[in-house]
Amino acid sequence: MPELPEVETIRRGLLPVVRDRRIAGVARRPVALHGRPIPDLAPLLRARITSLGRRGKYLLWRTADGGPVLVMHLGMSGRVLVTEDSDMCDPRRALAADRHVHLALALEGGGLIAFRDPRRFGQLALLSDEAAVSRHPALAALGPEPLGADFTADYLYRRLRTSRASVKARLMDQSVVAGLGNIYVLEALHLTGIRPTRRADRIGYQRCARLVVGIRSVLEEAIAAGGSSLRDYRLADGSLGYFQHRFRVYGRENRPCARPDCDGTITKRAQAGRTSYYCPVCQR
DNA sequence: CTTCAGACCTGGTGGC
DNA sequence: TGCCACCAGGTCTGAA
């Protein structure tokens with residue numbers, strides 16, 4: 001899936017296209033996404049999109065006058081497709097043309113937004129207003145934004161010191177910090193010289209402080225690069241992100257460690273049902 | 001309580 | 001070429 005940098009890149013690319021556009025037609029496929037049916041989209045009809053927000057890996061489509069909010073999570077394989085082609089503005093046709101498109105919104109004046117997710121691990125919810133957004137269980141459970149002021153060394157130290165789980169599992173827990181996934185956790189841990197398998201409660205304050213800085217810098221660099229394109233992911237305009245060329249550890253088993261003064265070799269191993277990559281020499 | 005394996009899905013890849 | 005096992009950016013559940 002898109003992790004925070006990919007979702008943020010999509011948000012930035014989409015915003016100028018959809019802002020102030022009115023929704024002229026809607027269609028949904030009768031399939032389950034993340035085990036739940038796609039909500040009725042009728043409340044979106046005639047609504048005007050005013051902003052596109054992001055919280056963790058969630059995209060929030062807001063509409064004018066306190067109207068409904070579409071909450072979208074891209075799961076592992078979700079994408080948002082946009083076409084400004086005025087011929088392609090029938091949402092039902094968009095669903096018929098591609099069996100992995102599960103939601104389509106036609107824009108007044110031409111153009112179409114489609115949510116495509118082959119694996120169907122994504123999530124869609126339509127909330128009636130801002131109050132419902134703050135009550136949404138998954139959103140309410142999210143920890144601080146890693147690029148926000150609340151994500152501090154004090155905070156992270158407090159959240160790590162009480163857990164015997166691995167630091168990697170802890171950082172991937174969205175209630176600790178919102179938006180990190182497998183790739184960026186591993187990248188940040190390499191940057192800060194911490195082994196993914198290290199127990200969270202064995203990490204001191206100074207290392208937490210470095211981790212906060214490292215997480216921020218990895219995310220900022222990735223956003224600047226337009227995210228990472230592996231498999232499905234594309235920017236809003238269909239182009240590719242290029243942060244994957246800057247990976248220090250992810251997918252780099254048996255390659256030399258990228259740290260200049262380190263002669264280690266990147267190791268791959270299964271951890272908590274996922275794959276971890278790290279340098280056994282400089283990550284402790 | 002916390003932690004972790006398994007389930008949920010499809011598609012792409014690499015081995016035989 | 002075909003078949004099959006395995007792997008993939010995430011999240012939730014239930015069991016230990």
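A note on names: the letters A, B, ... follow the listed sequences, proteins ahead of strands, and every chain is numbered from 1. Both backbone and side-chain heavy atoms feed into the values below; hydrogens, waters and symmetry mates do not.
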Nearest to the side chain of A/A165, heavy atoms from C-beta on, is which of B/dT3, B/dT10, C/dA8? B/dT3
Between NE2 of A/H34 and C1' of C/dG10 the distance, given in whole Å, is 7 Å
Quick check on side-chain contact (heavy atoms from CB on, under 4.5 Å): which of A/T9, A/V82, A/I49 does A/L14 satisfy it with? A/V82
Under 4.0 angstrom, heavy atoms only, what part of the nucleic acid is A/R199 near: base, sugar-phosphate, or nothing? nothing
Rounded to whole Å, please give me the gap between CZ in A/R116 and C1' in B/dC9. 14 Å
Heavy-atom neighbours of A/R246 CZ exceed 12 at 6.0 Å: yes
From CD of A/Q123 across to P of B/dC8 the rounded distance in Å is 17 Å
Quick note, A/H100 side chain, CB onward, closest among C/dA8, C/dT11, B/dG11 is B/dG11
Describe the nucleic acid contact of A/R274 in one word from base, sugar-phosphate, nothing, applying a heavy-atom distance below 4.0 Å. base
Pick the nucleotide of DNA chain C nearest each of A/R119 and A/A138; which residue has the one closer to the 5' end? A/R119
Report yes if the ring of A/F121 lies under 5.5 Å from the six-membered base ring of C/dT11 with planes under 30°, and no otherwise. no
Side chain of A/S163: nearest nucleotide among B/dT10, C/dT11, B/dT3? B/dT3
Looking only at side chains, do A/T197 and A/Y278 share a donor and an acceptor under 3.5 Å apart? no
I want to verify a distance call: between C/dG10, C/dT11, C/dC7, whose nearest atom is closest to the A/Q174 side chain? C/dT11
Nearest whole Å is fine: how far is B/dC9 P from A/R99 CZ? 13 Å
May I ask you to verify if any side-chain N or O of A/R36 is less than 4.0 angstrom from the OP1 or OP2 atom of B/dC9? no
Just wondering, more than 12 heavy atoms not from A/D65 lying within 6.0 Å of its CG? no
Using a 4.0 Å heavy-atom cut-off, does A/G181 contact any base of the nucleic acid, only the sugar-phosphate backbone, or nothing at all? sugar-phosphate
Are any of A/H73's side-chain N or O atoms less than 4.0 Å away from OP1 or OP2 of C/dG10? no
Here the distance between atom C1' of C/dG10 and atom CD of A/E3, to the nearest Å, is 9 Å
Rounded to whole angstrom units, what separation is found between the NE2 atom of A/H102 and the P atom of B/dT10? 9 Å
Closest contact, heavy atoms only, A/L219 versus A/P5: CD2-CG, 3.7 Å
Interatomic distance, A/E253 CD vs C/dA8 P [rounded to whole Å]: 10 Å
Of the options B/dT3, B/dT10, C/dC7, whose atoms approach the side-chain atoms of A/T275 most closely? C/dC7
Closest listed nucleotide, where the reference is the side chain of A/R164 and the choices are B/dT3, C/dG10, B/dT10: B/dT3
Exactly one of A/L33, A/V101, A/L41, A/L124 clears side-chain contact (heavy atoms from CB on, under 4.5 Å) with A/R28, and that residue is A/L41
Secondary-structure notation, DNA chain B, from Watson-Crick and G-U pairs under 3.5 angstrom (| other strand): .|||||||.|||||||
With no hydrogens and no angle check, is any side-chain donor or acceptor of A/R269 less than 3.5 Å from a backbone partner on A/S276? no
